[in-house]
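Remarks on the structure that follows.
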Amino acid sequence: MGYQLSLDCHCFELSLEGFNVSHELVPPSQVTSNSFKITSFKDLFLTPTKQQEVFDFLVSRYTEEHFWSPPHPKAHPEWQKVISNKGILPELSFALLANGQVVGATAAGVTGDDSFDMMWAYISRQYSTDEAILLFKCLLAHQFKAALDRRLSKAEGEIDTTNMVYCSLLNWLPICNDKVWHILQAPRTPSNHSDAAD
């Protein structure tokens, strides 16, 4: 009917029980950086400018992965609402800083049935795929530890195939169920501005 495959979306469920993250908590030595630091949003947001930096990072990486236009998310306050209204819990969300700058972030909350809800997760494009995967594992390990400390044993989330680094972790994550949605979109023309359709 004129639609083309835009991306696949993995809607997955995880079992965190028995998943050992202890060896992933330290930032990898294989990645060159003068100073890596992982901190929760709760601590990071004590500095207001850092809260804006995390927001800018998440939105810019999202728009890069999804090829959205226009490319200047700060001019569109609805993006701030999308992030802030999704129920993100700062104590379950973490940022990766290199020399004090945000180069990675993963945000999460808790669903109504007490599942750990994984929402936003990105690493800066300045790193190679192999480096980004190592950094991603470290961020997620901190997140999973925080979830387990809160006695959350199951998690759920979504991964779009446009996020190739996150997708590459499907074999590492303790997935117990995965549904894949094919996202189709009509090619855009001057007279056609239709959005994606499932």
Side-chain angles (χ1 to χ4, degrees), residues 3-21 23-25 27-28 30-31 33 36 38 41 54-69 71 73 79 82-83 86 88 92-96 98 102-109 111 115-148 152 154-185 187 195-198:
Y3 282 78
Q4 297 176 349
L5 180 65
S6 176
L7 59 90
D8 284 345
C9 179
H10 292 266
C11 300
F12 59 86
E13 296 176 0
L14 309 178
S15 175
L16 299 181
E17 293 180 333
F19 186 55
N20 184 8
V21 297
H23 59 291
E24 304 285 358
L25 291 171
Q30 301 97 312
V31 184
S33 174
F36 273 133
I38 292 180
F41 285 11
V54 168
F55 163 72
D56 291 344
F57 174 81
L58 287 173
V59 172
S60 66
R61 288 296 290 115
Y62 182 87
T63 54
E64 286 171 356
E65 296 286 1
H66 291 79
F67 310 106
W68 286 104
S69 180
W79 280 109
V82 168
I83 293 179
K86 281 196 63 122
I88 288 175
L92 293 177
S93 305
F94 291 83
L96 172 69
V102 175
V103 294
T106 179
T111 67
S115 288
F116 178 58
D117 188 14
M118 303 166 67
M119 301 177 190
W120 300 67
Y122 291 106
I123 298 293
S124 171
R125 284 185 143 181
Q126 74 188 64
Y127 300 103
S128 70
T129 299
D130 290 342
E131 291 173 334
I133 289 172
L134 292 172
L135 294 171
F136 227 142
K137 284 184 176 181
C138 189
L139 266 179
L140 292 176
H142 280 265
Q143 210 172 35
F144 290 163
K145 182 180 183 303
L148 289 167
L152 300 173
K154 58 182 180 178
E156 59 186 46
E158 297 179 3
I159 302 177
D160 292 342
T161 51
T162 51
N163 190 341
M164 292 184 293
V165 172
Y166 204 165
C167 274
S168 68
L169 297 181
L170 285 170
N171 292 327
W172 175 73
L173 294 169
I175 292 176
C176 56
N177 187 25
D178 182 19
K179 298 177 182 178
V180 181
W181 294 90
H182 301 292
I183 310 300
L184 305 175
Q185 189 169 34
D195 292 326
D198 294 346

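Everything quoted here is computed from the prediction, not taken from an experiment. Position 1 is the first residue of the sequence; numbering continues from there.
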Starting from the C-alpha separation in whole Å, work towards a yes-or-no answer on side chain to side chain contact (heavy atoms under 4.5 Å, CB included) for Met164 and Thr129.
CA-CA 8 Å; Met164 292 184 293; Thr129 299; over 6 Å; no
Under the criterion side chain to side chain contact (heavy atoms under 4.5 Å, CB included), I'd like the reasoning laid out for Asp178 against Val180: C-alpha separation, chi angles, the key distance, then a yes or no.
CA-CA 7 Å; Asp178 182 19; Val180 181; 4.2 Å; yes
Quick one: list whatever passes side chain to side chain contact (heavy atoms under 4.5 Å, CB included) with Ala155, sequence neighbours left out.
Leu14, Leu16, Phe116, Met118
Using the test side chain to side chain contact (heavy atoms under 4.5 Å, CB included), find all partners of Leu134 that sit at least two apart in sequence or belong to another chain.
Pro28, Gln30, Val31
Closest heavy-atom contact between Leu139 and Leu96?
CD2-N, 4.0 Å
Has Gln126 got more than 12 heavy atoms of other residues, nucleotides or ligands less than 6.0 Å from its CD?
yes
Any chance you could lay out the side chain to side chain contact (heavy atoms under 4.5 Å, CB included) test for Val165 and Tyr127, step after step, and finish with the verdict?
CA-CA 11 Å; Val165 172; Tyr127 300 103; over 6 Å; no
I'd like to know if the side chain of Ser115 reaches the main chain of Asp117, judged simply by a donor and an acceptor atom lying under 3.5 Å from each other, with no hydrogens or angles considered.
no
Taking the six-membered ring for Trp, are Phe57 and Tyr122 ring centroids under 6.0 Å apart?
no
Any donor-acceptor pair under 3.5 Å from Asn163 side chain to Ala121 backbone
yes
So with a 6.0 Å cut-off around NZ of Lys137, is the heavy-atom count from everything else above 12?
yes
Considering only heavy atoms from C-beta outward, does the side chain of Cys138 approach that of Glu24 to under 4.5 Å?
no
Non-hydrogen atoms of Cys167 and Ile159 that approach each other most closely
SG-CG2, 3.3 Å
What is the minimum heavy-atom distance between Arg61 and Ile123, and which atoms define it?
NE-O, 2.9 Å
Distance from Leu135 atom CG to Asp130 atom CG, nearest 0.5 Å?
11.0 Å
Would you find a donor on one side and an acceptor on the other, under 3.5 Å apart, between the side chain of His142 and the backbone of Leu25?
yes
Could you check if a side-chain atom of Phe144 sits within less than 4.5 angstrom of a side-chain atom of Leu173, using non-hydrogen atoms only?
yes
Nearest-0.5 Å distance that lies between atom CH2 in Trp181 and atom NE2 in His10
13.5 Å
Mind listing the closest non-hydrogen atom pair of Leu92 and Gly109 along with its distance?
CD1-O, 4.1 Å
By side chain to side chain contact (heavy atoms under 4.5 Å, CB included), which residues pair with Asn177, not counting sequence neighbours?
Glu13, Lys179
Would a 4.5 Å heavy-atom cut-off, applied to side chains only, mark Leu170 and Ile175 as touching?
yes
Please work out which of the three classes, parallel, tilted or perpendicular, describes the rings of Phe12 and Tyr166, given edges at 30° and 60°.
perpendicular
Met119 versus Thr106: any side-chain heavy-atom pair under 4.5 Å?
no
Atom CZ of Phe94 and atom NZ of Lys145: how far apart are they, to the nearest 0.5 Å?
8.5 Å
Any side-chain heavy atom of Ser15 sitting closer than 4.5 Å to one from Lys154?
no
Pair Phe19 + Trp172: ring centers closer than 6.0 Å:
yes
Closest approach of Ala95 and Phe41, non-hydrogen atoms and distance?
N-CE1, 3.8 Å
